[in-house]
Protein chains: 2
Amino acid sequence: MTGLRARQKRLRHERILDAALLLFREAGYDAVRTEDIAAAAEVSVGTLYNYFENKGDLLLALVTLEVEEVLEQGVAVVKSPPADIAEALNLLIGGYYDHSNTYLTKELWRTAMALTIQAAETPFSQRFTALDRSLTDQVCALVAELQRRGLARGDVDAVALGQVIFNTLNQMFIEFVKLEEMTIEALKAAVARQVEALALLLAAPGPSLRPLD
Amino acid sequence: MTGLRARQKRLRHERILDAALLLFREAGYDAVRTEDIAAAAEVSVGTLYNYFENKGDLLLALVTLEVEEVLEQGVAVVKSPPADIAEALNLLIGGYYDHSNTYLTKELWRTAMALTIQAAETPFSQRFTALDRSLTDQVCALVAELQRRGLARGDVDAVALGQVIFNTLNQMFIEFVKLEEMTIEALKAAVARQVEALALLLAAPGPSLRPLD
DNA sequence: CTTTAAATTTGAGCGAACTCAATAATTTTC
DNA sequence: GAAAATTATTGAGTTCGCTCAAATTTAAAG
């Protein structure tokens, strides 16, 4: 049987997290004090800090939830993408963007991203960065899959190009969360223009272009 | 004649900034307290906040200095770029990276970027974002120039592609400042691989490829 | 040169994240 | 089952960014 201590530990951990996530989403990160979270979880502030490094650590739980679901969703697209390059990329990226407000608000995304950059080399940042890397890998996988199917030029470095695409979709997402009034549709449109340009370059040489030698 | 008031104002502003920049670079952003800056500038904390919105505003001065010099440097590259696409892009981007540690350390960059994201819609963020936009424009201008010279495919959206390139170089720079042990050479190598991929796609149809119709 | 008005400086005080020595609860030992 | 040892909780206290009412300095008016 699990000892009383272990059981209480699990329970408290869960209660603190639940309280934090609820309050963050309902009032925003900055407006919620650690004291409020502790009170809602019926523990003292000291205990809260016994379970989590800092306030940001609590936020990471939400982010992880969000990104892991997004990754799962992406698997299907990579497995059998549309035959058109731009369409395939927009489907994957659009899936990321559409899911992005399931658990997190723009403010929470901003905070999470800021913490990741500022407090680099902390567990928080490293876990966040690992999620980013998983997303990059997924984009690379899609590019490779498009090449495998002969839909995209095979002579280009799929990993390098996948990184470029992830970097640009991520940077555009940062701009999106920075502008409170920008809609997801506007974000998608801006990225679609970039995807269009890349898709044109990446198009497999068709009947109108052919090596001479 | 400039009144006593105006003269003292200019002097104090300058003294505060100088003190902040010196202390930031020598001890790091977090380690320096606003009280320390005020003391070094021989004013009270209240006065410091009369001249600057907040601690981050002081950092912005350094960032602005850095980016404005970088932009100036880039003008020459855009005006007469090397004939090779990859070489031209790497020259511009390498120039950005090489200059990046002239006034700022990695820690200061991290802080500045984090503040820009977190405190979006503040003057700080908007000025930083404007600098980013200038850099994007410069990359776009280089792509357009390469097209004008017939070095790059002319049928692709130069603005969209320029944005993609800036986004990726910026994101890679973020990764760089996040890893304290990563060298500029390693950063350049990683970006060069991406530039290589794009340059291949962007190569103007040469003697070995030609439209059939 | 006073008096009045305007602008500027000042530093004690506030709020919120986080710490740590004292206390309490649980487990182990005999 | 009592005592000792281990582990966890607690909340007052510390720190630092930032504010604001009072005091001071400079400029303008009479």
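Residue numbers begin at 1 in each chain, while the letters A, B, ... track the order of the sequences.
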Round to a whole Å and report the spacing from NZ of K55(A) to C1' of dA17(C). 8 Å

Between P of dT9(C) and CD of E42(B), the distance in whole Å: 14 Å

Can you check the E35(A) CD to dG15(C) C1' distance for me, whole Å? 10 Å

Using atom OH of Y29(A) as one end and atom P of dA16(C) as the other, report the distance to the nearest whole Å. 14 Å

Is there any protein nitrogen or oxygen under 3.5 Å from a nitrogen or oxygen in nucleotides 5-9 of chain D, and what are the pairs?
unit_1, atom_1, unit_2, atom_2, d
dT7(D), O4', R5(A), NH1, 3.2
dT7(D), O2, R5(A), NH2, 3.2
dA8(D), OP1, K9(A), NZ, 2.7
dT9(D), OP1, R12(A), NH1, 2.5
dT9(D), OP1, Y51(A), OH, 3.2
dT9(D), OP2, N50(A), ND2, 3.1

Would R148(B) and E145(B) satisfy salt bridge (Lys or Arg N to Asp or Glu O under 4.0 Å), going step by step from the backbone distance to the final call? CA-CA 5 Å; R148(B) 212 184 54 77; E145(B) 180 64 26; 2.9 Å; yes

Is it true that H99(A) and Q73(A) share a donor-acceptor pair across their side chains at a distance under 3.5 Å? no

Would the distance check show the side chain of K188(A) and the main-chain N or O of D98(A) forming a donor-acceptor pair, the cut-off being under 3.5 Å? no

Aromatic ring pairing F173(A)/W109(A), orientation class (parallel under 30°, perpendicular over 60°, tilted between): perpendicular

Taking the side chain as everything from C-beta on, heavy atoms only, tell me whether R110(A) gets closer than 4.5 Å to K106(A). yes

Rounded distance (Å) that lies between atom P of dG17(D) and atom CZ of F52(B): 16 Å

I need the CG-C1' distance between D30(B) and dC18(C), as an integer number of Å. 14 Å

When the distance from CZ of R7(B) to C1' of dA7(C) is rounded to whole Å, what number comes out? 16 Å

Set of residues satisfying side-chain contact (heavy atoms from CB on, under 4.5 Å) with respect to L71(B), sequence neighbours excluded: V67(B), S134(B), L135(B), Q138(B)

Y49(B) side-chain N/O to dT19(D) phosphate OP1/OP2 under 4.0 Å: no

Return the value, rounded to whole Å, for the distance between atom CG of L48(A) and atom P of dT19(C). 12 Å

